[in-house]
Amino acid sequence: MAALEGYNIAFKIGNKTLAGRTQDDLTIAARTKESLTKDDQGATQVAVIGHDITFRATGLVELGSDTSAKSFRNTIIANALKTGSQAVLAFKYMPTGGQAYGGNCIITNYSESSNSSDEATYTVDFRVTGDMTTTS
């Protein structure tokens with residue numbers, strides 16, 4: 001997935017590529033494990049054992065599609081409803097002027113709203129599964 005002008009995140013769903021823009025809510029929270037042993041002499045030891053990483057994307061578009069909003073909406077909803085390993089999507093996060101990151105994620109929340117002229121806005125929340133690693 002190459003850099004896409006105007007977007008900073010891309011997802012692969014089968015043979016489709018979705019691109020979007022993340023909001024300012026990328027969250028990386030360390031998962032820790034605490035231990036207390038006799039050798040620690042009463043001092044708790046804390047180790048980072050992983051990370052919980054979540055982000056939100058808006059303005060999602062399907063690249064190379066018939067640009068049908070209905071087709072795109074159906075693709076997102078179908079993937080939001082998947083379970084197990086079928087729910088995992090590959091992603092690449094490319095912040096402007098920064099290091100690119102990639103990994104796998106799942107959709108944890110999908111919402112849409114429309115105004116009086118029936119133009120829908122889609123917001124999708126994701127959680128990284130496994131590690132988020134640097135890519136080129």
Side-chain angles (χ1 to χ4, degrees):
M1 289 182 274
L4 303 165
E5 190 67 34
Y7 301 99
N8 72 342
I9 196 153
F11 305 90
K12 288 298 277 185
I13 299 177
N15 62 352
K16 298 178 181 184
T17 300
L18 303 180
R21 190 92 196 140
T22 55
Q23 292 184 337
D24 295 331
D25 63 354
L26 170 67
T27 303
I28 301 173
R31 272 185 274 130
T32 60
K33 180 177 182 181
E34 294 185 24
S35 68
L36 182 61
T37 65
K38 186 175 184 180
D39 293 339
D40 295 334
Q41 298 178 356
T44 302
Q45 300 298 310
V46 178
V48 175
I49 59 170
H51 296 90
D52 290 324
I53 304 169
T54 60
F55 56 90
R56 174 175 288 164
T58 60
L60 292 170
V61 296
E62 186 177 320
L63 304 179
S65 73
D66 59 7
T67 65
S68 160
K70 183 177 180 182
S71 169
F72 170 73
R73 180 178 178 270
N74 291 342
T75 298
I76 292 293
I77 290 175
N79 281 276
L81 294 172
K82 288 183 178 179
T83 60
S85 63
Q86 295 296 313
V88 177
L89 307 172
F91 77 93
K92 187 169 186 180
Y93 173 55
M94 303 156 283
T96 305
Q99 173 67 53
Y101 298 89
N104 293 314
C105 63
I106 57 171
I107 296 173
T108 58
N109 187 52
Y110 167 84
S111 65
E112 65 179 65
S113 61
S114 60
N115 57 28
S116 60
S117 63
D118 206 27
E119 297 205 10
T121 301
Y122 307 99
T123 303
V124 187
D125 294 328
F126 299 89
R127 179 171 183 225
V128 174
T129 60
D131 294 326
M132 187 164 86
T133 59
T134 59
T135 64
S136 54

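Across H51 and R31, no two heavy atoms sit closer than the pair O-NH2, 3.0 Å. Annotation for A87 and K82: closest pair CB-O, 3.5 Å, computed over non-hydrogen atoms. Across every non-hydrogen atom of N104 and A90, the tightest pair is OD1-CA, 3.5 Å.
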(message) side-chain contact (heavy atoms from CB on, under 4.5 Å), that's the test. Do I76 and E112 meet it? Break it down for me.
(response) CA-CA 11 Å; I76 292 293; E112 65 179 65; over 6 Å; no

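Interatomic distance, OH of Y110 versus CG of L81, reported as 10.0 Å (0.5 Å rounding). Here the straight-line distance linking atom CZ of R127 with atom CG of N109 works out to 14.0 Å at 0.5 Å rounding.
The aromatic rings of F91 and F55 lie tilted to each other, with the angle between the two planes from 30° to 60°.
Remark: of the listed residues T129, I106, I107, I107 is the sole one forming a side chain to side chain contact (heavy atoms under 4.5 Å, CB included) with L89.
Within 6.0 Å of CG on D131 lie no more than 12 heavy atoms contributed by other residues, nucleotides or ligands.
For the residue pair Q99 / Y101, no side-chain donor-acceptor distance below 3.5 Å is found, with atom types taken as modelled.
No continuous path of hydrophobic side-chain contacts links V88 to V128 [ILVMFWY only; heavy atoms under 4.5 Å].
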